[in-house]
Number of protein chains: 2
Amino acid sequence: MRVVKDAEERKSEILDVAEQLFGTRGFDNTSTNDILQEVGIARGTLYYHFKSKEDILDAMIDRMTGRLIGKASDIVADKTMPVLQRLTAMMLALNVSDDLGCEIMAQVHKPQNALMHQKMQERLLTQVNPLVTSLIEEGITQGICQTDYPEEAAEMALLYSNTTFDALAEYGGKERQKKIMAFIYNLERLLGMERGSLLDVILPIFQETAQ
Amino acid sequence: MRVVKDAEERKSEILDVAEQLFGTRGFDNTSTNDILQEVGIARGTLYYHFKSKEDILDAMIDRMTGRLIGKASDIVADKTMPVLQRLTAMMLALNVSDDLGCEIMAQVHKPQNALMHQKMQERLLTQVNPLVTSLIEEGITQGICQTDYPEEAAEMALLYSNTTFDALAEYGGKERQKKIMAFIYNLERLLGMERGSLLDVILPIFQETAQ
DNA sequence: GTGCAACCGACAGATTGTCGGTTGTTATGT
DNA sequence: ACATAACAACCGACAATCTGTCGGTTGCAC
């Protein structure tokens, strides 16, 4: 018995499965057969909706980054929070897996998923950069930060936070603590902040989150 | 007529071809057939020397990073150069393709070569980091820089330089000039240097190199 | 002339993307 | 209300390619 569905719904189903499989096994270690079997459709159907396996990956990444960007935008827009708190919350939202179907984030940073990781990183960097930049500029007008190049500082901050969060997963105890302190220290310098101003904001968040 | 060669020599031949093909077409778009045809050996021979396609990639990256690390070490050890000059020269050596068979570096940063890029980046970061750290510490004793976390600052500097050099290839004119200035500015801040101290060192080098 | 490292190429197994054809749904005309 | 035309969604066999294996061969060194 053949089941017909709206194209968008099917696509979404396929992306759900792709997200799950790519996330756990990696892109290269997931065959298109795995996907279409899991979805319960035939080969032709898969290629009716997507023109190639990589096309699936791209669509999946689009959807995922879309979610993340949305979350980040919400945080930035929430003017009830102080600037630095928003900045921190945003970096966490981008890097730590939580509620929404973003449990992949943890897997994405595996060596096996280089392609996925890079594509996502690139997307995120370009799309989130304006948000971070605006936050920094807001901080400057408030006299909290100071820099001649907000945009580039934002880029560097994002880059560094990504790598650090990646690495943090591997550390524990003392070493971890040091990495966090260094992260804060460097960020403060980069954004031209008073020594210690980020510390009070970040540390409590770190303690409660991320094990 | 069958040609027998010393294992190391054959391996080297294979890596030469792999370097060329992976570099230009990317890892995924190069088949093992492409390689063995170009080298002029049979399928079995390829798999006699390497246990998988990825094994070839790893070996190739080893060889390549080895070369780069060697170059970087030489620069760091050259005490006749001032610290900042050595630092700059090193970052250039790692990112700009020149003489030696490193013309790949330009290709490595393509989206198609994500795996290669990541593997290389990871290797380079971990191996070069101690060198940069020692340079920074040298700078600190000389009173040129100042930071509480030399190692992490080194990591951040490397990361940032990599990304910036990547991106720089795409820019030109005004935008490029701004990126360079921001790069210098951020690096100075990160390493706790006097404003402008890197400028005099980097700018001349940039003008002559890298178009 | 023996032993072994280097080499060969046919082959199995798996994977991606294509294509002609099928089915269900929806719109249209009577 | 009913036939039917048109089209979107779906199917599965198939071609083409690719990776890794394996039994067997060849040339060199001792």
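Computed from heavy atoms alone, side chains included, the values below leave out hydrogens, waters and symmetry copies. A, B, ... follow the sequence lines: proteins, then strands. Residue 1 opens every chain.
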Rounded interatomic separation in angstrom, taking [atom1] from [X] and [atom2] from [N]:
X: B/N29; N: C/dT16; atom1: CG; atom2: C1'; answer: 13 Å
X: A/D55; N: C/dT16; atom1: CG; atom2: C1'; answer: 14 Å
X: B/Q37; N: C/dC8; atom1: CD; atom2: P; answer: 13 Å
X: A/K51; N: D/dA9; atom1: NZ; atom2: P; answer: 18 Å
X: B/L46; N: C/dA5; atom1: CG; atom2: P; answer: 20 Å
X: A/D6; N: C/dG24; atom1: CG; atom2: P; answer: 18 Å
X: B/N33; N: C/dA10; atom1: CG; atom2: P; answer: 13 Å
X: A/K11; N: D/dA8; atom1: NZ; atom2: C1'; answer: 13 Å

What does B/T45 touch in the nucleic acid at a heavy-atom separation under 4.0 angstrom: a base, only the sugar-phosphate, or nothing?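 Result for B/T45 = base.
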Between [options], which one does the side chain of [X] approach most closely?
X: A/Y48; options: C/dC8, C/dG17, D/dA8; value: D/dA8
X: A/S31; options: D/dG20, C/dC8, C/dT16; value: C/dT16
X: B/Y47; options: D/dT19, C/dA6, C/dC8; value: D/dT19
X: B/R2; options: C/dT18, D/dC11, D/dT25; value: D/dT25

Under 4.0 Å from OP1 or OP2 of C/dT15: is there any side-chain N or O of A/T32 that close?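 False: A/T32 side-chain N/O out of range (4.0 Å or more) of C/dT15 OP1/OP2.
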A/H49 side chain near D/dC10 phosphate (N/O to OP1/OP2, under 4.0 Å):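 Affirmative; the distance criterion is met.
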Of B/T30 and B/V4, the one whose closest DNA chain D nucleotide lies more 5':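 The residue closer to the strand's 5' end, by nearest nucleotide, is B/T30.
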Ignoring hydrogens and geometry, is there a side-chain-to-backbone donor-acceptor pair from B/D34 to B/S31 under 3.5 Å?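 Present.
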Should the ring pair B/F183 and B/F165 be called parallel, tilted or perpendicular, given that the plane angle runs from 0 to 90° and is split at 30 and 60?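 It falls in the perpendicular class, over 60°.
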Pair B/Q121-B/N162, side-chain donor/acceptor within less than 3.5 Å: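 Looking only at side-chain atoms, B/N162 and B/Q121 do form a donor-acceptor pair, the distance falling under 3.5 Å.
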Pair A/K178 + B/D148: basic N to acidic O under 4.0 Å: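 Salt bridge absent between A/K178 and B/D148.
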Indicate yes or no: does B/R67 engage B/E19 in a salt bridge with an N to O separation below 4.0 Å.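 Between B/E19 and B/R67 there is a salt bridge, with a charged N closer than 4.0 Å to a carboxylate O.
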Upstream residue (5' side of DNA chain C) when B/R43 and B/R10 are each assigned their closest nucleotide: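 Between the two, 5'-proximity favours B/R10.
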